[in-house]
Novice: 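Below you'll find the structure I mean.
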Amino acid sequence: MLRAYELVPEAYRQRFRSLEKKQGQTYVEMARDLSVHFKRWLAALDITSFDNLGELMILEQFKNIL
(Lines give C-alpha, C1' and ligand atoms only; values in the text may rest on other atoms or scores of the structure.)
Protein backbone atom coordinates (compact mmCIF):
# COMPACT_ATOMS: atom_id res chain seq x y z
CA MET A 1 0.00 0.00 0.00
CA LEU A 2 2.79 2.44 0.85
CA ARG A 3 4.50 1.83 -2.50
CA ALA A 4 1.42 3.19 -4.29
CA TYR A 5 2.02 6.58 -2.66
CA GLU A 6 5.73 6.81 -3.39
CA LEU A 7 6.71 9.56 -5.78
CA VAL A 8 8.46 9.11 -9.09
CA PRO A 9 12.21 9.83 -9.15
CA GLU A 10 11.70 13.22 -10.82
CA ALA A 11 9.53 14.42 -7.94
CA TYR A 12 12.21 13.43 -5.42
CA ARG A 13 14.86 15.16 -7.55
CA GLN A 14 12.82 18.36 -7.66
CA ARG A 15 12.26 18.29 -3.91
CA PHE A 16 15.98 17.76 -3.33
CA ARG A 17 17.01 20.54 -5.72
CA SER A 18 14.43 23.09 -4.53
CA LEU A 19 14.82 22.60 -0.78
CA GLU A 20 15.29 25.84 1.13
CA LYS A 21 15.85 26.51 4.80
CA LYS A 22 12.56 27.26 6.54
CA GLN A 23 12.21 30.01 9.11
CA GLY A 24 13.03 28.61 12.52
CA GLN A 25 14.62 25.48 11.08
CA THR A 26 18.14 24.74 12.26
CA TYR A 27 20.91 23.98 9.82
CA VAL A 28 21.12 20.46 11.24
CA GLU A 29 17.41 19.92 10.54
CA MET A 30 17.81 21.32 7.03
CA ALA A 31 20.78 19.03 6.36
CA ARG A 32 18.74 16.05 7.59
CA ASP A 33 15.84 16.97 5.27
CA LEU A 34 18.27 17.37 2.38
CA SER A 35 19.73 13.94 3.11
CA VAL A 36 16.27 12.34 3.25
CA HIS A 37 15.24 13.80 -0.11
CA PHE A 38 18.55 12.78 -1.69
CA LYS A 39 18.29 9.20 -0.41
CA ARG A 40 14.69 8.90 -1.60
CA TRP A 41 15.71 10.17 -5.05
CA LEU A 42 18.50 7.59 -5.28
CA ALA A 43 16.30 4.79 -3.96
CA ALA A 44 13.57 5.61 -6.50
CA LEU A 45 16.16 5.22 -9.27
CA ASP A 46 17.72 2.11 -7.66
CA ILE A 47 21.13 3.79 -7.45
CA THR A 48 23.29 1.40 -5.44
CA SER A 49 26.86 2.09 -6.52
CA PHE A 50 29.25 4.98 -6.90
CA ASP A 51 29.37 4.37 -10.68
CA ASN A 52 25.57 4.62 -10.90
CA LEU A 53 25.65 7.82 -8.87
CA GLY A 54 28.30 9.25 -11.20
CA GLU A 55 26.19 8.42 -14.25
CA LEU A 56 23.21 10.14 -12.66
CA MET A 57 25.19 13.29 -11.89
CA ILE A 58 26.68 13.40 -15.39
CA LEU A 59 23.26 12.92 -16.97
CA GLU A 60 21.73 15.66 -14.86
CA GLN A 61 24.55 18.08 -15.69
CA PHE A 62 24.24 17.19 -19.38
CA LYS A 63 20.52 18.02 -19.26
CA ASN A 64 21.32 21.34 -17.53
CA ILE A 65 23.79 22.23 -20.28
CA LEU A 66 21.23 21.50 -22.97
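Computation of the quantities below employed the complete heavy-atom set of this structure, encompassing side-chain atoms and omitting hydrogens, waters and symmetry-equivalent molecules.
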Novice: What distance separates F16 CZ from L42 CG, expressed to the nearest 0.5 Å?
Specialist: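 One finds 8.5 Å between CZ of F16 and CG of L42.
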Novice: Looking only at heavy atoms, which two atoms of L53 and I47 are closest? And how far apart?
Specialist: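 Closest approach of L53 to I47: N-CG2, 3.6 Å.
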Novice: Should the heavy atoms of other residues, nucleotides or ligands under 6.0 Å from NZ of K21 be counted, would the total exceed 12?
Specialist: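 Check passes, neighbour count above 12.
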Novice: When rounded to the nearest 0.5 angstrom, what is the spacing between CG in D51 and CG in L56?
Specialist: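 Between D51 CG and L56 CG, I get 12.5 Å after rounding to 0.5 Å.
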Novice: Same cluster or not: L34 versus F38, using hydrophobic residues (I, L, V, M, F, W, Y) connected whenever any side-chain heavy atoms lie under 4.5 Å apart?
Specialist: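 Yes, it is one cluster - the side chains of L34 and F38 are joined through contacts under 4.5 Å.
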Novice: Between atom CD of E55 and atom CG of L45, what is the distance when rounded to the nearest 0.5 Å?
Specialist: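 So the gap between those two atoms works out to 11.5 Å.
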Novice: Which atom names give the shortest non-hydrogen contact between W41 and P9, and what distance separates them?
Specialist: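 Scanning both residues, the minimum pair turns out to be CD1-O, 3.4 Å.
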Novice: Using the side chain to side chain contact (heavy atoms under 4.5 Å, CB included) rule, take Q14 and E10 through it: C-alpha gap first, then chi angles, then the decisive distance, then the call.
Specialist: CA-CA 6 Å; Q14 288 176 5; E10 180 61 16; 3.0 Å; yes
Novice: Applying a strict under-4.5 Å side-chain criterion to I, L, V, M, F, W and Y, I'd like to know whether Y12 and V36 cluster together.
Specialist: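 No, Y12 and V36 fall in different hydrophobic clusters.
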Novice: Quick check for you: to the nearest 0.5 Å, what is the distance between R13 atom CZ and S18 atom OG?
Specialist: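 One gets 9.0 Å once the value is rounded to the nearest 0.5 Å.
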Novice: Looking at K63 and E60, does any basic side-chain N land under 4.0 Å from a carboxylate oxygen?
Specialist: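 Looking at E60 together with K63, the answer is no, because their closest N to O distance does not fall below 4.0 Å.
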